[in-house]
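The residues of the chain are indexed from 1 along the displayed sequence.
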Amino acid sequence: MDVLVDLVVPVKELRRAKSRLAPAVADLPGDDATREQAHRALALALARDTLRAARAAERTGRLVVVTTEPAEQLGAGGPWETVRDTGGGLNAALRRGADHLRRTGSREHAFAVLQADLPALRPDELDDALAHAAARFAEGATSAFVADHAGTGTTLLVAAPGHPLRPRFGPGSAAAHAASGAVALDGTWPGLRGDVDTPGDLARARDLGAGPHTRAWPDPPTATAVGAPARETAC
Ligand SMILES: Nc1nc2c(ncn2[C@@H]2O[C@H](COP(=O)(O)OP(=O)(O)OP(=O)(O)O)[C@@H](O)[C@H]2O)c(=O)[nH]1
Ligand SMILES: C=C(OP(=O)(O)O)C(=O)O
């Protein structure tokens, strides 16, 4: 497997994202509009911290964000490419990102999907998980995944070079990916496994050590923590 792995990261429309985190904003001061804005800011903070760590990983090649949001909205830690999410849900968005990579010259690379709700992700964890995947591919596996901390969801799905991504994200996706033939990767990667769906997950990620955006939420982080702006790719 090539040293570099091209990543597809899905970022849902912020005003519809992370509905299970509504209780985390319920007690914030202000009116409903203020709380809705804080909810969108939280979804954005999770994504920004995930992207920041993903971009910093040494094994990350191209980084493609599939979203309806404007590239500049995602801001921190670029550059990455954005591909427009044209609907159809998460797995359709991921296939669109993978198609974009394939059409634009990444045919020989391994591809991976990384969820965008991993605010405590550390670049070295992602590098280590991608190295584990490469080792399994050398043994003949064609895809591999990392289950979330609950063991039911999936935070990373990797396809070996020359093999398609077969995303089966959604409830029970860890079992669905295993049933599709993907091998489960073993490793103590708390940030990589630490997806944030509920207020309890958010507290857990903050205890682990979340990135600057999630740490600062509901306030914005300082400009120095934000980093370079994103680069948008027409698609
Ligand atoms: N581009 C894109 N990303 C999606 C879509 N649905 C989910 N995602 C992303 O997939 C990842 C995991 O999503 P979920 O945990 O199901 O997030 P969610 O749908 O925002 O959360 P809930 O409303 O609480 O179910 C996150 O990075 C989301 O931003 C979609 O339709 N399009
Ligand atoms: C979409 C997924 O995330 P979650 O289960 O956390 O919603 C998944 O793990 O497949």
Side-chain angles (χ1 to χ4, degrees), residues 7-55 63-94 96-97 113-121 148 153 155 169-171 191 194-233 235:
L7 298 184
V8 177
V9 181
V11 176
K12 193 171 175 175
E13 186 183 4
L14 295 174
R15 69 182 176 83
R16 293 192 306 120
K18 290 290 148 202
S19 58
R20 285 169 282 175
L21 284 174
V25 300
D27 293 333
L28 292 177
D31 56 14
D32 284 352
T34 309
R35 280 186 288 275
E36 275 167 30
Q37 193 176 356
H39 196 162
R40 288 195 297 275
L42 176 54
L44 180 59
L46 301 177
R48 282 179 160 180
D49 284 333
T50 306
L51 288 167
R52 190 171 187 270
R55 186 63 282 169
L63 180 50
V64 167
V65 180
V66 189
T67 188
T68 55
E69 298 293 337
E72 58 273 15
Q73 171 78 301
L74 300 171
W80 46 75
E81 305 161 56
T82 54
V83 167
R84 185 131 190 100
D85 180 352
T86 52
L90 173 56
N91 290 309
L94 297 172
R96 195 167 159 74
V113 170
L114 180 73
Q115 298 283 41
D117 54 3
L118 309 172
L121 176 68
D148 66 8
T155 59
F169 286 87
D195 58 341
V196 170
D197 294 328
T198 65
D201 295 336
L202 179 60
R204 190 174 169 281
R206 283 175 137 167
D207 285 348
L208 267 176
H213 297 279
T214 306
R215 249 188 354 253
W217 182 85
D219 300 315
T222 59
T224 47
V226 169
R231 161 167 67 86
E232 184 156 23
T233 300
C235 181

Do Val64 and Leu7 come within less than 4.5 Å of each other through their side chains, counting heavy atoms only?
no
Should Gln115 and Pro10 count as side-chain neighbours, where that means a heavy-atom distance under 4.5 Å?
yes
Nearest-0.5 Å distance, CG of residue Leu63 to CG of residue Leu114
8.5 Å
Are more than 12 heavy atoms from other residues, nucleotides or ligands located less than 6.0 Å from atom CG of Asp31?
yes
Quick check: do Pro218 and Leu42 have side-chain heavy atoms less than 4.5 Å from each other?
no
Would a distance-only check, ignoring hydrogens and angles, find a side-chain to backbone donor-acceptor pair under 3.5 Å from Arg40 to Ala17?
no
Do Val113 and Phe169 have side-chain heavy atoms sitting under 4.5 Å apart?
yes
Beyond-backbone contact of Leu202 with Thr214, side-chain heavy atoms, under 4.5 angstrom
yes
Hey, what do you get for OG1 (Thr67) to CG (Leu74), rounding to the nearest 0.5 Å?
5.5 Å
Can you check whether His213's main-chain N or O pairs, donor with acceptor, with Arg48's side chain at less than 3.5 Å?
no
Measure from the side-chain N and O atoms of His39 to the backbone N and O of Arg16, and report whether any donor-acceptor pair falls under 3.5 Å.
no
Test: Arg96 and Asp85 ion pair at under 4.0 Å:
no
When you compare the side chain of Val9 with that of Leu51, does any pair of heavy atoms fall below 4.5 Å?
yes
Test Val11 against every option in Leu46, Leu44, Val65 by the side chain to side chain contact (heavy atoms under 4.5 Å, CB included) rule and name the one that passes.
Val65
In short, Ala205 meets Ala120 closest at the heavy-atom pair O-CB, 3.8 Å
Residue pair Asp117 / Thr50, side-chain heavy-atom distance below 4.5 Å:
no
Go through Asp197 and Lys18 one step at a time and tell me if the side-chain contact (heavy atoms from CB on, under 4.5 Å) criterion holds.
CA-CA 7 Å; Asp197 294 328; Lys18 290 290 148 202; 3.1 Å; yes
Check the pair Thr68 / Thr86 against side-chain contact (heavy atoms from CB on, under 4.5 Å), numbers first and verdict last.
CA-CA 8 Å; Thr68 55; Thr86 52; over 6 Å; no
Residue set satisfying salt bridge (charged side-chain N to carboxylate O under 4.0 Å, His left out) with Arg35, at least two apart, ordered chain then number -> Asp32
Considering only NZ, NE, NH1 and NH2 on the basic side and carboxylate oxygens on the acidic side, decide whether Asp49 and Arg215 come within less than 4.0 Å.
no
For the pair Leu118 and Thr155, evaluate side-chain contact (heavy atoms from CB on, under 4.5 Å) and give the outcome as yes or no after the intermediate values.
CA-CA 8 Å; Leu118 309 172; Thr155 59; 3.8 Å; yes
Please round to the nearest 0.5 Å and tell me the distance separating atom CG of Asp195 and atom CZ of Arg204.
8.5 Å
Under 3.5 Å donor-acceptor, Asp201 side chain and Val196 backbone
no
Taking the side chain as everything from C-beta on, heavy atoms only, tell me whether Trp217 gets closer than 4.5 Å to Asp219.
no
Please name the pair of heavy atoms, one in Gly88 and one in Ala92, separated by the smallest distance, quoted to 0.1 Å.
O-CB, 3.5 Å
